[in-house]
2 protein chains.
Amino acid sequence: MQKHESPLPALFAALGDPVRFAITERLLTQGAQSAGALQDVAEISAPAVSRHLKVLRNAGLVTQTVDGPRRIYAVNPQAVGQLSRWIGGHEAFWAPSLDRLAALLDEKDSTP
Amino acid sequence: MQKHESPLPALFAALGDPVRFAITERLLTQGAQSAGALQDVAEISAPAVSRHLKVLRNAGLVTQTVDGPRRIYAVNPQAVGQLSRWIGGHEAFWAPSLDRLAALLDEKDSTP
DNA sequence: TCGTTAATTAACGTATCGGTTAAATTGAGG
DNA sequence: CCTCAATTTAACCGATACGTTAATTAACGA
């Protein structure tokens, strides 16, 4: 039997860099784009962007498709789904606390 | 006006290390624990655990309370809430794709 | 086929990260 | 006051991460 190494830390690590986070948000909000179009997410060289894209791809967070001479990158919905499920799986833990906070704020107003 | 530096990359980076991810899951599933009780999340020394906890704290992902000589760590629900809101904010993007995947799988069964 | 555009890979320097052991700190108690 | 237990801080070290510029690969049109 094999050790189930969770892919989540890798996903988190990929998003943990500001440039890669910016790239990911761009792809999420504006849809798929070529590497060149992503050039202006930060003031860094093209090779730097390229390597960030490689990290994102290795983590499974983005996919690459080839269109002529350019490579088109898009967020992999399944990866985001994994993140969502992880957080959702712990929602029972943190959501009540937020409710409780809201309740406390309410209480402050209604029952002194 | 000040530049709104998103705290999300820092949160992601904090979770991007396997040890810190394990610590976080422990705190999520088993509740608050002392640094000593977290010792066995990995086969590393106590100072190493301590520094990971410091990173988590600096990222705002965990809180520290003092109980006599020991420090009790707990996940900060607001931080998890931030992650949840980020993903939720992009749900419109990725959730439909998952539906489409399910549809494709269905299709494979019913309409060949 | 030659040149141009798009992107990646190669090679390299520096900074940060994550681990260790040893020393310092802090609180509880005899 | 002295000691013990819990934890953090200090000092150090090797590996990795991220940036750069230069060179390479790949696709396309004149």
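Below, read A as the first sequence line, B as the second, and so on, with proteins coming before strands; counting in each chain starts at 1.
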When you measure from the side chain of B:S84 to the backbone of B:V80, do you find a donor-acceptor pair of N or O atoms at a distance under 3.5 Å? no
Sorted by chain and residue number, the side-chain contact (heavy atoms from CB on, under 4.5 Å) partners of B:T29 (sequence neighbours excluded) come out as A:H90
Do B:L83 and A:L83 have side-chain heavy atoms sitting under 4.5 Å apart? no
Given the rule in the side-chain contact (heavy atoms from CB on, under 4.5 Å) test, do A:L27 and A:Y73 qualify, once you have shown the distances and angles that lead to the verdict? CA-CA 8 Å; A:L27 296 177; A:Y73 290 91; 4.2 Å; yes
Going by salt bridge (charged side-chain N to carboxylate O under 4.0 Å, His left out), name the pairs with one or both residues in residues 42-61 of chain A, residues two or more places apart or in two chains. none
What residues from residues 55-63 of chain A pass a heavy-atom cutoff of under 4.0 Å to DNA chain C? none
Using whole Å, report how far OH of B:Y73 lies from P of D:dA6. 15 Å
Kindly write out the residues that satisfy side-chain contact (heavy atoms from CB on, under 4.5 Å) with B:Q30, not counting sequence neighbours, or none if the list is empty. B:R26, B:Q33
Mapping A:D67 and A:V19 onto DNA chain D by nearest heavy atom, which one lands closer to the 5' end? A:V19
Those residues at least two apart in sequence (or on a different chain) that pass side-chain contact (heavy atoms from CB on, under 4.5 Å) with A:P9 are A:S6, B:F21
Between the CD atom in A:Q82 and the CG atom in A:L11, the distance rounded to the nearest 0.5 Å is 5.5 Å
Pairs in or reaching into residues 61-83 of chain A: which pass salt bridge (charged side-chain N to carboxylate O under 4.0 Å, His left out), with residues at least two apart or in two chains? none
Residues forming a side-chain contact (heavy atoms from CB on, under 4.5 Å) with B:A46, sequence neighbours excluded: B:Q39
Donor-acceptor pair, side chain of A:N76 and main chain of A:G60, under 3.5 angstrom: yes
What nitrogen or oxygen pairs link the protein and nucleotides 20-26 of chain D at under 3.5 Å?
{"from": "D:dT20", "atom 1": "OP2", "to": "A:S45", "atom 2": "N", "distance (Å)": "2.9"}
{"from": "D:dT20", "atom 1": "OP2", "to": "A:S45", "atom 2": "OG", "distance (Å)": "2.7"}

Return no unless some side-chain N or O of A:H52 is found under 4.0 Å from OP1 or OP2 of D:dA17. no
Show the numbers, then the answer: is there a side-chain contact (heavy atoms from CB on, under 4.5 Å) between B:Q64 and B:I72? CA-CA 6 Å; B:Q64 183 196 58; B:I72 307 298; over 6 Å; no
Using a cut-off of strictly less than 4.0 Å between a heavy atom of the residue and any atom of DNA chain C, enumerate the qualifying residues of residues 23-31 of chain B by number. none
Between P of C:dG18 and NZ of B:K54, the distance in whole Å: 14 Å
Closer than 4.0 Å, any side-chain N/O of A:R20 to the OP1 or OP2 of D:dC18? yes
What parts of residues 34-42 of chain B reach DNA chain D, counting only heavy atoms under 4.0 Å away? B:S34, B:A35, B:G36
Where at least one partner belongs to residues 10-19 of chain B, residue pairs that pass salt bridge (charged side-chain N to carboxylate O under 4.0 Å, His left out), sequence neighbours excluded: none
